[in-house]
Asker: 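Once you've had a glance at the structure underneath, I'll fire off some questions.
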Amino acid sequence: MIHRLSTLFVRTLRDDPADAEVPSHRLLVRAGYIRRAAPGGYTWLPLGLRVLHRIERIVREEMDAIGAQEVHFPALLPREPYDASGRWTDYGPNLFRLQDRRGVDYLLGPTHEEMFTLLVKDLYGSYKDLPVWLYQIQTKFRDEARPRAGLLRGREFVMKDSYSFDLDDEGLQRSYDAHRAAYVRLFARLGLDVVIVKAMSGAMGGSASEEFLSPCASGEDTFVRCTACDYRANTEAVRIGTPPAVDAGTTPPARVVDTPGTPTIQTLVDVLNSRDDLRRTTGTWTAADTLKNVLVMLRNPDGIRQPLAIGVPGDREVDMKRLEAAVAPAEVDAFGDADFAARPGLVKGYIGPDVLGETKPLGVRYLLDPRVVSGTAWVTGANEAGRHTVHLVSGRDFTADGTIDVADVRDDDPCPSCGSAMSIERGIEMGHVFQLGRKYAEVLGLNVLDDKGKQRVVTMGSYGVGVSRAVAAIAESHHDELGLRWPRSVAPMDVHVVIAGKPGDDTAATAGRVAAELSDAGLQVLLDDREGVSPGVRFKDAELLGMPMIVIAGRGVAKGVLEVRDRIAGTTVELPIGDVAKHVIACCA
RNA sequence: CGGGAUGUAGCACAGCUUGGCUAGUGCGCCUGGUUUGGGACCAGGAGGUCGCAGGUUCAAAUCCUGCCAUCCCGACCA
C-alpha cells in the first residue's frame, strides 16, 4: 500500500520538545509518532500506532506459538476480587480507584492476576483441564507518582500479561521455561537486545523470577553483570557471598576512646588518623574500618512499626531499594527524631552494637552486613556522644540477630558466582517472568480435582511484556543523531520514497511508478509527494521518521538511476531505475 | 511527599529585574510570487483567557498572595 506524506496525519517538529529528556521521547514526539494528552498518557498518531500494532502482532504470534490463548478483560474492574487478594489496600496509592453513580467501588486494572485466577476457577475444575496458558494485551493503569520519559513510564500503558495454571511444581517449571523461551524469541524479533537478570519476586510473592532488561542509560532498573561468568542480577536481587571467618588472634582488646565531634564516618576517620595513640602498623584508617549502624523503622502491612538496626561497613550505604526488597512486604520509614526520643539509649551518630539486638533492653533487632564476619575488627560507636570503640571484634565482642544483604552494590564488587569483578549497568524492564506459586489460587479458591479425586490448589506463573514501552525501548536502542531507525520487523512502513526533483521533471512520475511496484509486491510504502517542499526538508524528514529503506528520485533520474539508502546499515547505492524495486524487495524479505 | 526549575500562539523562546502605546521573535500554518540535492527567499496574512484566582495600582505578562500544572533530582513503584 502507498501512504502519501501529503495526506498522512503527521507533523514533524524542527525543535526538540522542551519537556522531553530521553532520546525516545524526544524523537517520537518530534517525528510525529505520539502526542502527550495527559500526564503520563500519550495519543498514538498513525505512524506510532502502526509500530505499536506491529509489536502487538509479534507478541501475539510468539504467545500463540507456544499454545497460549488470548482473552480480553475489561480495564474497569470490580473491587471484590482485589479485596480477596488484599491488593485493594496493599497496592496503595498507585491503584486508580473510582466509584460508579451508586457509590460502588471500582478500579482501573494495574495488572490482572485476580481476574485470570477467577476466570479459570469459573470454567475449570479438573486436573485434566491443566495446564492452561492465557494471555491478554491490555491497557493498564497505575497512578504513578511521577510519570516520566514519555512512554517509558506512563500512568496508562499497554502490557501483555499471561498466566499459567498447573497442578504441580514440575508443570509450573515447564510453563515458566516455555514462556521464558518465547520471550527470548520475541525480543529478538523486536530487535531488542535483552539481558536476563535474576529478579526479586517482591510483594507479588512466589519464587523464581527473572527480568528481561534492555540495557540503556535511560533505564530505571539497575543490574549487575559479571565480567567473567554469566551471572546477571537486578541489584535488588544480588546476594553477595559470605566471606570466610577471620582469625582475630592478634587483634588487641576492644577499648573505648574519646572522639569528640565525630558524628559522621568521615569526621571519625579524620580523627582516628590524627591520633598518635591509634596509629596502625598496617596503614591509615579508612571508612572501611568502621562499622556504621543505620536505624530504620519497618512498617508491617498490619500497621505495626518496629525498629531495625543494620550494621554495614562505613564505606558503604544502605541501599534503600535493596532494603525495601529484602524486608517486603514491610515498608521502610525513616527513623525520625521522635523515634530517637522514644529510645534514649540510642545516641545519634554514636550507636554501637552494645545496645543493639532483640535480647537487649531496647529490643532493637540488629542485622549485620555479611561482610562483618566473625573475627573482623571494627571501629564503631560507644553509645555515648563523642566516644567510639576500637578493635571491636565480631563474634568475640559482639553478635547480632542475623545478617542482611542490603549494602549498596558497586562497580568491581566481586561476583557471587565466580568472584570476578562485576559491572553495574542500567536497563529498561521489558519483560518479567516469574513463578507466582499458589498465593492467588489459595486466596481466591482456585482448586481442581486430581486423579485421586482430591482437591488440589493450582500453581500459577505470571509473565509480562511492556508493549507500549517496547516502542520507546526500540527507539532508545535504534536511533542516531538524525532520527529514528526502526528495525524492519516493527517499522511503520517498509520504505520511504522521496521525490527530490524539480517540479515538472519526471522524478515524481518515476517515484510514483517505483512506489507502485513496491506496493504491488506487498510492501508498505511512504511516498513523500508533498508539493513546494525543498529537498533538504524531505531528506531531514525521511531521516527523522526512520523507515529502514529510503529511495530517492532526484537528479539521478535523468541518468536513469535512483538512490537507495539503507538507514540501518547506513549505506547508499545508486541503481538503475528498473532494478530498484527488486533490490528493495530483496532487502525487506 | 521533599528539593530545584518552568508556565507567554501548534513548537521553541524573548519580554518580567526597573509596571506604561495595538505583547514580540524564529519555526510551523494560510495567500501570491520566485525557488528546488541537505531544514530556501520575497511580500502579505491568520493565530494569544501571557497557567488559574485574588490583591496592589490611574495602569499588571511584569509587583504581592494563594492555588494548579509540567519537567528534572530524590522518595515511592507488577
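Convention: sequence-line order gives letters A, B, ...; per-chain numbering from 1. Computed from a predicted model, the values in this text were never measured in an experiment.
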Asker: Using a 4.0 Å heavy-atom cut-off, does A/R155 contact any base of the nucleic acid, only the sugar-phosphate backbone, or nothing at all?
Answerer: nothing
Asker: Tell me whether A/E62 is salt-bridged to A/R60, with the criterion being a basic N under 4.0 Å from an acidic carboxylate O.
Answerer: no
Asker: For the side chain of A/E543, counting heavy atoms from C-beta on, which of B/C77, B/G38, B/U36 is nearest?
Answerer: B/G38
Asker: Got a salt bridge between A/D105 and A/R97, using NZ or NE/NH1/NH2 to carboxylate O under 4.0 Å?
Answerer: no
Asker: Check the side chains of A/S175 and A/Q173 for a donor-acceptor pair under 3.5 angstrom, ignoring hydrogens and angles.
Answerer: no
Asker: Without decimals, in angstroms, what is the distance between A/E114 CD and B/A78 C1'?
Answerer: 11 Å
Asker: Between the protein and nucleotides 71-74 of chain B, which nitrogen or oxygen pairs are less than 3.5 angstrom apart?
Answerer:
from  : atom 1 : to     : atom 2 : distance (Å)
B/C73 : OP2    : A/R146 : NH1    : 3.3
B/C73 : OP2    : A/R146 : NH2    : 3.2

Asker: Taking the inter-plane angle between the rings of A/F187 and A/F212 on a 0 to 90° scale, is it parallel (under 30°), tilted (30 to 60°) or perpendicular (over 60°)?
Answerer: tilted
Asker: Given atom CG of A/D221 and atom P of B/C76, what is their separation to the nearest angstrom?
Answerer: 14 Å
Asker: C1' atom, B/G20 versus B/G7: distance in rounded Å?
Answerer: 24 Å
Asker: From CZ of A/R142 over to P of B/C77, roughly how many Å is that when rounded to an integer?
Answerer: 13 Å
Asker: If I pick the C1' atom on B/G33 and the same atom on B/C11, what distance separates them, to the nearest angstrom?
Answerer: 27 Å
Asker: Can you tell me how far C1' in B/A23 sits from the matching atom in B/A14, rounded to whole Å?
Answerer: 11 Å
Asker: Taking the nucleotide of RNA chain B with the nearest heavy atom to each, does A/I552 or A/F157 sit closer to the 5' end?
Answerer: A/I552
Asker: Rounded to whole Å, how long is the line connecting atom CD of A/E563 with atom P of B/G38?
Answerer: 12 Å
Asker: When Watson-Crick pairs (N1 to N3 and N6-O4 or O6-N4) and G-U wobble pairs (N1-O2 and O6-N3) count only below 3.5 Å on both distances, what is the dot-bracket string of RNA chain B, with | for other-strand pairs?
Answerer: (((((((..((((......[...)))).((((((.....)))))).....(((((..]....))))))))))))....
Asker: Are side-chain heavy atoms of A/F539 and A/I552 found at a separation under 4.5 Å?
Answerer: yes
Asker: May I ask you to say what A/P17 touches in the nucleic acid, namely base, sugar-phosphate or nothing, with a heavy-atom cut-off under 4.0 Å?
Answerer: sugar-phosphate
Asker: Using distance alone, with no hydrogens and no angle criterion, decide if A/Y440 and A/R87 have a side-chain donor and acceptor under 3.5 Å apart.
Answerer: yes
Asker: Quickly work out the A/L562 CG to B/G37 C1' distance and round it to whole Å.
Answerer: 14 Å
Asker: Flag the pair A/R567 and A/D480 as a salt bridge only when some basic side-chain nitrogen lies within less than 4.0 angstrom of an acidic carboxylate oxygen.
Answerer: yes
Asker: With a 4.5 Å cut-off on side-chain heavy atoms, are A/R469 and A/E429 touching?
Answerer: yes
Asker: If you measure from the P atom in B/A43 to the same atom in B/G10, how many Å do you get, rounded?
Answerer: 25 Å
Asker: Using the P atom as the point on both nucleotides, what is the distance between B/A60 and B/C52, in whole Å?
Answerer: 15 Å
Asker: Please give, in whole Å, the distance from B/G10 P to A/D15 CG?
Answerer: 15 Å
Asker: State whether a side-chain donor-acceptor pair under 3.5 Å links A/S162 with A/W133.
Answerer: no
Asker: Look at the side chain of A/R11 and decide which nucleotide, out of B/C77, B/C29, B/G38, has an atom nearest to it.
Answerer: B/C29
Asker: Between C1' on B/U36 and CG on A/D529, what's the gap in Å once rounded to a whole number?
Answerer: 16 Å
Asker: Send over the distance from A/K559 NZ to B/G37 P, rounded to a whole Å.
Answerer: 14 Å
Asker: Do any N or O atoms of the protein come closer than 3.5 Å to N or O atoms of nucleotides 39-43 of chain B, and which pairs are they?
Answerer:
from  : atom 1 : to     : atom 2 : distance (Å)
B/G39 : O2'    : A/R14  : NH1    : 2.1
B/G39 : O2'    : A/R14  : NH2    : 2.7
B/G39 : O6     : A/R30  : NH2    : 2.6
B/G39 : N2     : A/D541 : OD1    : 3.2
B/A40 : OP2    : A/S534 : OG     : 3.2

Asker: Between B/A9 and B/G47, how far is it from one C1' atom to the other, in whole Å?
Answerer: 6 Å
Asker: Between B/G32 and B/A46, how far apart are the C1' atoms? Round to whole Å, please.
Answerer: 15 Å
Asker: If you check every side-chain atom of A/R565, which of B/C77, B/A78, B/G37 has the closest atom?
Answerer: B/G37
Asker: Write down the distance separating the P atoms in B/G55 and B/G15, rounded off to the nearest Å.
Answerer: 29 Å
Asker: Between A/D566 and A/T571, is any side-chain donor less than 3.5 angstrom from a side-chain acceptor?
Answerer: no
Asker: When you look at CG of A/D579, are more than 12 heavy atoms from neighbouring residues, nucleotides or ligands closer to it than 6.0 Å?
Answerer: yes
Asker: Going by the angle between their ring planes, with limits at 30° and 60°, are A/H432 and A/F434 parallel, tilted or perpendicular?
Answerer: tilted
Asker: For the rings on A/Y463 and A/Y163, is their centre-to-centre separation under 6.0 Å?
Answerer: no
Asker: Is there a donor on the side chain of A/R153 or the base of B/C77 sitting less than 3.5 Å from an acceptor on the other?
Answerer: yes
